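Read through the structure below, which is laid out as C-alpha cells, and then see the notes.
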Number of protein chains: 2
Amino acid sequence: MRAQAILRRELEAETLTPRGLTINDFETLLHLSKAEGQRLRRTDLVGRLMLTPSGVTRLLEGLNEAGLTENHECDGDARVTWAQLTSAGAETLECVGVNHTKRLRSLFRGTLSEDEVAQLSELLGRLPGVGPGSCAG
Amino acid sequence: MRAQAILRRELEAETLTPRGLTINDFETLLHLSKAEGQRLRRTDLVGRLMLTPSGVTRLLEGLNEAGLTENHECDGDARVTWAQLTSAGAETLECVGVNHTKRLRSLFRGTLSEDEVAQLSELLGRLPGVGPGSCAG
DNA sequence: CTAGAGTAGTTGAGCACTCAAAGTTTACCA
DNA sequence: TGGTAAACTTTGAGTGCTCAACTACTCTAG
C-alpha cells in the first residue's frame, strides 16, 4: 500500500502536475481515448477508476473546465451524460502520455525484469475485488 | 494502485471505521507498540507511514484527542516531542489488531499461497523508493 | 562565541476524495 | 396503467492528506 503511494506521487510530480493533471485525470483521458467513440458514461468511469460516483462528477468537472472533455446527452436515456474526449484532451494525452509511460517503464526496468513485471501483475490481479486490466501501463 | 485502494477501503470499513480509526491510525499504534518504550518521534513516523510531517501532526492530533497516544517532551532535544502509546491505545490496538490481521490474512488466503505472498512482497519491496518492512502484516 | 546551515515540528490554505441524501429518469410487474 | 424499485447523477458537508511558509531548536566551522 505504501509502495504505491510513493510511486504514484513521484510519477505524478514528474510529468502530470506541471500540466495541472492528477493521475485520475490522466487515466480518465486514457480510458476515454480507448473507448468506442472516445466517450464513456459516468458509471463506466466509476468502475474503471475505482472512484465513487461523486468523485467522478468532481473529476469531470475539472476536466470539462480545462476543455479536455465535454458533456454530451444520451439520446434514449436521459439519465446518462457521456464524458467525451475533446481534441484538446486527446492532444494533451498524447504529450503527457509519452513521458508518463516512458517514466513508468524506466522506473520498473532495472529493478524488475520483464518476467517479473508480468508476475507481479498476475499476483496483484488475483487479489480480491480486483479484476485484470486495472493497470494503465 | 487501484488494487490497493479498494483493498484498503474494504479492510478499513471492516474493523477500523467502527472504532473511528483509519488505516494510518492503526499503523501508528502498531509502530508505537513495537517501538522501544512504545514511543516514536514525529520524524520516525513520517518515514514509517510515508506521510509528510504535517500529515503526521494531524494524525497524532486525532490520536491524542482520542486518548490513544500522548505527547512527551524529549530531554536533551527540545525540538522533538515523542508520540507515546497510552494504555488505552495499547488496548484498542489489541482489540482491533486481532480482527484486522485475521481479516487481512483471510483475504489473501484462498487467492494467494504462502509462497506467492512472499513472492509478491519481495517484488513490491524492490520497487524504487520503497524499503523493506513497509508492510504491516 | 557567533553566524550559518541543518533538523523537528506546526500552521493555514487548498485539493481530491468520501458519505449521505436527494433529484430525475427508466424498467418492471401487479 | 399506475406504483414501486432500480439506475444515473449531482450536491453539501466533512476528512485526510499535501504544499509552502513559518517558528524553534541544535550543530558545526571559523
Side-chain angles (χ1 to χ4, degrees), chain A residues 1-2 4-14 16-28 39-66 69-84, chain B residues 1-2 4-14 16-28 39-66 69-84:
Chain A
M1 310 218 174
R2 307 263 163 249
Q4 272 57 28
I6 196 170
L7 232 175
R8 172 192 176 126
R9 232 129 66 197
E10 187 168 337
L11 287 167
E12 211 161 330
E14 197 83 12
L16 263 26
T17 307
R19 298 188 79 106
L21 295 180
T22 66
I23 288 245
N24 280 336
D25 288 335
F26 172 73
E27 288 202 10
T28 301
R39 61 180 195 169
L40 246 22
R41 297 175 306 160
R42 255 88 170 139
T43 340
D44 298 328
L45 285 171
V46 165
R48 282 172 169 76
L49 300 172
M50 303 269 182
L51 294 181
T52 58
S54 57
V56 169
T57 294
R58 264 87 195 228
L59 181 68
L60 255 9
E61 217 172 274
L63 251 21
N64 284 343
E65 235 162 78
T69 58
E70 279 175 351
N71 284 344
H72 282 301
E73 294 190 352
C74 174
D75 331 346
D77 193 340
R79 288 172 305 179
V80 342
T81 56
W82 294 100
Q84 169 92 45
Chain B
M1 310 216 173
R2 307 263 162 249
Q4 272 57 29
I6 194 169
L7 231 175
R8 172 193 176 124
R9 232 129 67 198
E10 187 167 337
L11 288 167
E12 212 160 331
E14 197 84 13
L16 265 26
T17 307
R19 300 187 78 106
L21 295 179
T22 66
I23 287 245
N24 280 336
D25 288 335
F26 172 74
E27 287 203 9
T28 300
R39 61 182 194 169
L40 246 21
R41 296 176 306 161
R42 256 86 171 143
T43 339
D44 298 328
L45 285 169
V46 165
R48 283 172 169 76
L49 300 171
M50 302 267 184
L51 295 180
T52 59
S54 57
V56 169
T57 294
R58 264 84 195 228
L59 181 68
L60 255 10
E61 217 171 275
L63 251 21
N64 284 343
E65 236 163 75
T69 58
E70 281 176 349
N71 284 344
H72 282 300
E73 294 190 353
C74 174
D75 331 345
D77 194 339
R79 287 171 306 180
V80 343
T81 55
W82 295 98
Q84 168 91 44

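Naming: A, B, ... by sequence-line order, numbering from 1 per chain. Since we're looking at a predicted model, the values are computed, not measured.
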In whole Å, what is the span from the CG atom of B/Leu49 to the P atom of D/dT18?
10 Å
Could you state the interatomic distance from OG1 (A/Thr69) to CG (A/Leu60), rounded to the nearest 0.5 Å?
5.0 Å
Which whole-number value in Å describes the distance from B/Arg58 CZ to C/dT10 P?
10 Å
Got a sec, which pairs hit salt bridge (charged side-chain N to carboxylate O under 4.0 Å, His left out) with one end in residues 50-65 of chain B, sequence neighbours left out?
none
Euclidean distance, atom CG of residue B/Leu59 to atom P of D/dT15 [Å, nearest integer]
15 Å
Rounded distance (nearest 0.5 Å) linking atom CZ of B/Arg48 with atom CG of B/Asn24
14.0 Å
Would you say B/Asn24 reaches D/dC17's phosphate, i.e. side-chain N/O to OP1/OP2 under 4.0 Å?
yes
What string of B, S and - do you get for nucleotides 2-10 of chain D, 5' to 3', if B is base contact, S is sugar-phosphate-only contact and - is no contact with any protein heavy atom under 4.0 Å?
-----BSBB
Could you state the CZ-P distance from B/Phe26 to D/dG16, rounded to the nearest angstrom?
17 Å
Find the distance between CD (B/Glu27) and CE (B/Met50) and round it off to the nearest 0.5 Å.
10.5 Å
DNA chain C nearest-nucleotide lookup for A/Gly76 and A/Thr52: closer to the 5′ end is A/Thr52
Under the salt bridge (charged side-chain N to carboxylate O under 4.0 Å, His left out) test, which residues partner A/Arg42, sequence neighbours left out?
none
Given atom CG of A/Asp25 and atom C1' of C/dC17, what is their separation to the nearest angstrom?
12 Å
Walk me through it: do A/Thr22 and A/Asp25 pass the test side-chain hydrogen bond (donor to acceptor under 3.5 Å, both in side chains)?
CA-CA 5 Å; A/Thr22 66; A/Asp25 288 335; 3.2 Å; yes
Provide, to the nearest angstrom, the distance between the CG atom belonging to A/Leu51 and the P atom belonging to C/dC15.
18 Å
Please state how far atom CE in A/Met50 lies from atom C1' in C/dA16, giving the value in whole angstrom units.
18 Å
When the distance from CG of B/Leu60 to C1' of D/dG16 is rounded to whole Å, what number comes out?
14 Å
